[in-house]
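I have placed the structure first, in the form of structure tokens, so that the comments after it can refer back to it.
Small disclaimer: the values here were computed from a predicted structure and weren't measured. Both ligands and their constituent atoms are indexed starting at 1 by order of listing.
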Amino acid sequence: MADKIKVALNGYGTIGKRVADAVMRQDDMTLVGIAKTKPDYEAYVAAKKGYAIYAVDPAKAESKFKAAGLSIAGSNEEMIKKADIIVDCAPEGIGEENKKLYEKLNKPAIFQGGEEHEVAGTSFNAAANYDQAIGKQFVRVVSCNTTGLCRLLYALDKAYGIKKVRATMMRRGGDPNDIKRGPINAIVPDPIHLPSHHGPDVNTVLPHIKIDTVAVKLPTTLMHMHYVNMNLNKTPSREDVIATLKQYPRIWLIPPWLNIKSTADVIEFGRELGRPRNDMMENVIWEESVSVDKEGELNLFQAIHQESDVIPENIDCIRAMTGIEKDGAKSMEKTNKTLGLGSFNPWKLSL
Ligand code: NAD
């Protein structure tokens, strides 16, 4: 096998720690290290896992890490120099700042969905546009909501052609550890102006899809819920649609007998399956919700685990940008296998 791709994680929070663990599961990648701003429980676990920790701002952070008994391998700039590619998982807007460092050191980098499309110039979803990332210096993996929409719309557009999509995103207020976000007791139109930015964001990956989106924030931390309505060019039966979606391992069709009635049940299912951090990286579609009328108008509900659905996409993006795998289908197959993702057949799941 060719040399392993050396990956560095700049930013080690909700997304960064999951990408780091996913990199560790790939036989064609190696983790150079992770960059932290300060010592905390996430740095402690990273150290216990044997990940090299680099400091974002060593002048400020070194004494704090020392006091915590955590050793630092150097600055994040030193980490970046050692890497073939950087996955930037810093908070929204900081990626754009960090880009200056990647440009200075002439290193390729992946940004996350909190950054604007223009920061990278290419936005990515593995099924939809793997080829467009091949050989690029900067690529953005689109946000959790946009990833969920792109997976679904790509599959249905390919099979039946999409005339127009209308999607409502019922968004989680914050991540489970995020005490500063809300609402605690309200439903917040976010944004109030319509349509929301999610439609244009889908168009950065699937430019030809006509789509209007709206979004509200809710007092929940577990998952997003999407209500998706679309008009198709063809008029498939609901059984056809279900069979089409089942061909995509990153889309799960939940049968009624599992008695999964809410996002709480989905996450509990992840716990029962023994998924790391109860992550549900697949779009979770309620089979019962899939309906198609005689004019080809389709409706469904899908739940999106905001903390984890972008993780397999980051792994594929690394392969595309570095050119270690030019075939998107092969990369996705490898990523799915190593992360334990697969077409949803409850009897084939291993516990
Ligand atoms: P987070 O706040 O959980 O983690 C960010 C980490 O980066 C923190 O540990 C922070 O200390 C660190 N950091 C701060 N400044 C830094 C710097 N200059 N250099 C390197 N690291 C720095 O954030 P997150 O939720 O993991 O989000 C990261 C990115 O992923 C954002 O663009 C976000 O929009 C996107 N995203 C988040 C979610 C989600 O639901 N959490 C889903 C998809 C995409």
In terms of heavy-atom contacts, Asn203 and Leu206 come closest through ND2-O, 3.1 Å

Between Ala43 and Phe65 the two heavy atoms that sit nearest each other are CB-CE2, 4.3 Å

- Task: Describe, in one word, how the ring planes of Tyr102 and Phe138 are oriented to each other, choosing from parallel (under 30°), tilted (30 to 60°) and perpendicular (over 60°).
- Result: tilted

Minimal heavy-atom distance between Ser123 and Asn129, with the atoms involved, is O-ND2, 2.7 Å

Heavy atoms of Pro39 and Lys64 approach each other most closely as CG-O, 3.6 Å

### Message
Is it true that Asn283 and Arg250 share a donor-acceptor pair across their side chains at a distance under 3.5 Å?
### Response
no

For ligand 1, protein residues within the heavy-atom limit of under 4.0 Å are Asn10, Gly11, Tyr12, Gly13, Thr14, Ile15, Lys36, Thr37, Val56, Cys89, Ala90, Pro91, Glu92, Ile94, Asn98, Gln112, Gly114, Cys144, Arg172, Asp175, Gln306

